Amino acid sequence: MEEKVYDHNQIELKWQERWKDAQLYRADPSSAAPKYYVVEMLPYPSGRLHMGHVRNYSIGDALARYMWMRGYNVQHPMGWDAFGLPAENAAIKGGAHPRDWTIARIAEMTRQMNRMGFAYDWSLEITTCEPEYYRWNQWFFLKMLERGLAYRKRALVNWCPECGTVLANEQVVNGCCWRHETTQVEQRALEQWFWKITDYADELLRDIDEKLEGAWPDRVLAMQRNWIGKSVGSEIDFTLEGSGEKIRVFTTRVDTIYGATCMILAPEHPLAQKLLDEAGRVRAKEMIDARANKGPGDVVKDGAPTGAFAINPYSGLKVPVWIGNFVLMDYGTGAIMAVPAHDERDFEFCTTFGLPIVPVIRPVDTERNLPFCDDGIVENSGEYSGLTSAEARRKMNERAEREGFGKAAITFRIKDWGISRQRYWGTPIPVIHCPKCGVVPVPEKDLPVELPYDVKFTGKGRSPLAENPEFMNVKCPQCGENAQRESDTMDTFVDSSWYFYRYCDPHNDKAPFDSAKIAKWFEIDQYIGGVTHAILHLIYSRFFTKVMRDLGLIANDEPAANLFTQGMVLGNDGTAMSKSKGNVVDPEEMMDKYGADTCRLFVLFAAPPEKDMPWIEASVGGQRRFLERVWKFVTRNVGRDAGTGDPAADRRALRKLHRTIHKMTDDFSNRWHFNTSIAALMELINTLTEEEASLSRRALDQILPSLVLLLGPFAPYIAEELWEQLGRTGPAFKQPWPAFDESLEKEDAADVVLQVNGKVRGRISMPFGAPKEELERLALADPKTQASITGKQVVKVIVVPDKLVNIVVK
RNA sequence: GCCCGGGUGGCGAAAUCGGCAGACGCAACGGACUUAAAAUCCGUUUUCCGGCAACGGGAGUGCGGGUUCAAGUCCCGCCCUGGGCACCA
């Protein structure tokens with residue numbers, strides 16, 4: 001048969017047309033095959049696919065296609081993280097309505113994804129800005145409220161005095177407003193909603209060890225551990241001299257308490273406000289503001305005495321009470337005991353302000369240089385002197401508990417999740433503020449609280465919702481009097497915390513999902529996304545899963561049994577692609593130029609998927625050339641009258657084929673190092689081209705279909721087209737993955753390396769399984785090794801059968 | 001400062017269990033084809049030394065030690081680099 005021309009445009013258009021069939025990538029509900037649920041993190045619909053998406057989704061798609069071929073019942077959905085600031089910013093700048101803006105961009109990105117040939121079951125598609133989705137955010141909010149997991153408190157927000165509005169963190173650039181680059185952002189306190197993720201802090205931490213270790217990347221788990229930040233220590237009350245009020249401190253080093261030479265309160269600490277005089281309060285305010293505008297780098301330690309004194313409950317000694325800018329109000333109790341001899345920060349503080357330094361811990365076997373911050377032997381500490389730090393901590397905790405001035409305590413660094421956003425384009429928080437009844441939840445039957453479409457985007461004043469009377473004015477569900485809706489919307493991380501559950505039952509209008517469907521598909525077998533979501537998204541989803549479990553909706557404790565985080569795509573200059581650097585490569589341009597298959601192949605070939613990968617356009621051509629070589633090889637050999645050929649050539653070609661299948665099967669099941677899988681395919685085509693003239697028809701009939709199927713998960717268009725040209729029926733991606741036969745992989749003879757003192761001196765070809773003695777004899781007799789041995793004494797000979805002989809000489 | 005990665009040719013990388021370092025690809029150079037160019041195909045390409053040559057010999061995986069018959073791979077101590085956290089008591 002004639003060799004054909006590889007025209008990627010023609011092939012892609014043809015198959016896109018055929019792949020429109022909505023049933024094609026649907027999981028089979030009646031299938032008895034084992035399920036495989038693979039999810040790639042859903043994108044924000046910015047309107048253009050970027051290389052990071054292409055990489056993420058090419059990895060996921062290769063895996064989904066491979067698992068289909070392995071006979072699994074695969075569920076592979078896609079959706080849109082459709083709420084968020086860019087749409088609203090665009091509206092503020094005079095662009096389209098956020099909804100229209102978003103819908104148009106979703107359409108555009110869907111088109112691009114289909115062009116890439118990604119195999120999604122679009123019947124499961126979810127769009128988080130649709131009421132049918134976000135009503136369940138609201139439903140979950142009500143459940144959180146019922147269970148005491150949602151509460152309101154005052155918290156700081158960014159405020160631009162120029163706009164007269166609240167800014168999201170992303171709208172703050174270098175401490176200034178995004179629209180007024182010279183206007184400093186201020187901090188203002190507003191009543192906001194929080195979710196008590198801290199209630200689950202212990203379980204979130206424990207399950208990292210018990211459920212995720214080994215299945216999620218270490219660096220993600222390390223970041224999460226760090227973020228949760230569990231500290232084991234003690235809470236101890238110091239008594240204020242005079243009033244007798246208690247000041248509670250948290251410390252991990254109660255064993256050093258005899259060395260406490262002062263107490264330091266956060267400047268915001270309520271007691272500090274009380275103890276300070278007018279001048280002191282001004283100083284405290286200065287410290288708070290200086291910290292709010294904290295630039296990068298260290299803030300110099302600052303502090304001031306309150307004039308008050310407190311009594312150390314263990315030693316009975318009186319210490320001064322200070323305020324200090326390095327003590328955080330929202331960690332621990334907002335107050336510390338300063339032990340300058342055994343803590344670097346306290347040391348720095350007390351040195352600066354001339355406070356005494358009293359050592360109470362002796363190192364076990366080294367000189368003591370202050371501050372000495374390790375455990376040691378306690379001294380100058382009354383009845384505890386002579387104990388180890390650990391013993392002292394235990395005994396001191398016991399006494400605190402017994403005498404009622406403290407206890408062993410655990411503190412977490414993680415804080416409750418503030419979900420309120422003073423924005424329009426998000427899920428309305430379903431509560432009503434009634435002057436008589438207070439905060440009243442919207443009754444479930446009234447969900448969803450829909451976002452009104454007709455609002456004004458001024459970028460000034462309160463959020464567009466708050467300025468919209470038709471939205472805001474309602475009757476109180478409890479007393480029927482005039483009341484106001486909550487105008488805040490939810491953080492978009494709420495949307496993405498549970499979307500992969502909704503995929504399993506996307507159109508359910510009675511519940512967020514049917515629990516039986518979740519039981520069938522969960523946990524997610526493989527979740528794939530960027531490491532940038534290591535903390536927030538991935539910890540919020542874990543939290544959501546645990547809450548849903550406690551609500552009785554699901555049975556699993558974790559959302560994803562396995563997580564894979566791919567590396568970034570870097571520009572030609574080796575830095576992350578960004579518009580400001582002008583090193584962005586547009587996937588669509590690459591598709592025009594080289595075709596979707598080439599793009600997919602390149603992002604998988606250039607580096608192993610977990611590593612950062614530079615986009616070097618010069619090398620993309622190599623992938624295109626590879627596809628052309630495969631294309632030509634297959635098309636010109638489809639019907640070629642090859643006859644019986646040369647059995648030795650057949651054997652060599654089949655050996656390479658089976659090794660390639662073996663290698664790729666390993667890569668898919670272990671490491672996903674698709675770069676080496678593709679390299680193996682390249683080696684295969686190199687061998688096939690070399691042997692081509694001597695191959696028999698029989699061998700070709702085995703080789704051609706296998707080659708095409710192996711290529712399928714990476715380059716689906718060309719695989720499907722060639723499959724059809726081979727005269728096969730049924731889609732290539734639903735064929736069984738080729739099997740390898742190890743007996744065909746073996747060389748005819750073993751190539752045994754001969755070494756002298758570890759240096760290669762020669763090699764001999766031997767039948768497999770040759771006895772050690774014979775290998776040793778032949779190695780010693782070999783002329784190549786003789787040259788290096790003569791005149792020396794052979795000390796010993798190491799023989800690794802079928803592989804290597806190392807002669808050790810002196 | 002603390003916690004993770006990473007360091008191998010001109011470049012992206014490979015070597016999965018301690019057994020031939022540099023597979024595969026890019027780029028470069030040489031050749032074939034062509035009036036010419038592009039495309040394609042063939043060849044060379046870690047480095048140093050010797051040789052017209054086929055070839056032979058030495059060095060080499062960030063640096064310094066160590067274990068081993070054998071180390072890119074394991075151990076100890078450094079250096080550089082990317083990322084995360086960063087006054088968390």
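Just so you know, these numbers come straight off a predicted model, no measurement behind them.
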Within the structure shown, what part of the strands sits under 4.0 Å from A/Val797 by heavy-atom distance: base, sugar-phosphate, or nothing? nothing

As a test of your reading of the structure, name each stem of RNA chain B as range with range, where a stem is three or more consecutive Watson-Crick or G-U pairs at under 3.5 Å. B:1-7 with B:79-85, B:10-12 with B:24-26, B:28-32 with B:40-44, B:46-50 with B:55-59, B:62-66 with B:74-78

Check the interface with nucleotides 69-77 of chain B: list each N/O to N/O pair with the protein under 3.5 Å, or write none.
from	atom 1	to	atom 2	distance (Å)
B/C69	OP1	A/Lys796	NZ	3.4
B/C69	O2'	A/Asn806	ND2	3.2
B/C69	O2	A/Asn806	ND2	2.7

Could you name each residue pair satisfying salt bridge (charged side-chain N to carboxylate O under 4.0 Å, His left out) that touches residues 599-617 of chain A, not counting sequence neighbours? A/Asp61-A/Arg600, A/Lys593-A/Glu617

For B/A89, does OP1 or OP2 lie under 4.0 Å from any side-chain N or O of A/Lys301? no

Is the positively charged end of A/Lys301 above the ring of A/Phe326, judged by distance under 6.0 angstrom from the centroid and angle within 45° of the axis? yes

For B/A86 and A/Arg413 - does any side-chain N or O of the residue sit under 4.0 Å from the phosphate oxygens OP1/OP2? yes

side-chain hydrogen bond (donor to acceptor under 3.5 Å, both in side chains): pairs with one or both residues in residues 770-790 of chain A, sequence neighbours excluded: A/Arg761-A/Ser788

Given protein heavy atoms under 4.0 Å, the one-letter contact record of nucleotides 4-16 of chain B, with B base, S sugar-phosphate only and - none, is simply S-------BSSSB

Classify the nucleic acid contact of A/Arg761 as base, sugar-phosphate or nothing, counting any heavy atom under 4.0 Å across all strands shown. sugar-phosphate

Base, sugar-phosphate or nothing for A/Lys759? Non-hydrogen atoms, less than 4.0 Å. sugar-phosphate

How does protein reach along nucleotides 38-46 of chain B, written 5' to 3' as B (base within reach of a heavy atom under 4.0 Å), S (only sugar-phosphate), or - (no contact)? --SS-----

For the pair made of CD1 in A/Ile336 and C1' in B/C87, what is the distance, rounded to whole Å? 9 Å

Whole-Å distance between B/A89 P and A/Ile236 CD1? 16 Å

At 4.0 Å (heavy atoms only), tell me whether A/Gly622 reaches a base, stays on the sugar-phosphate, or touches nothing. sugar-phosphate

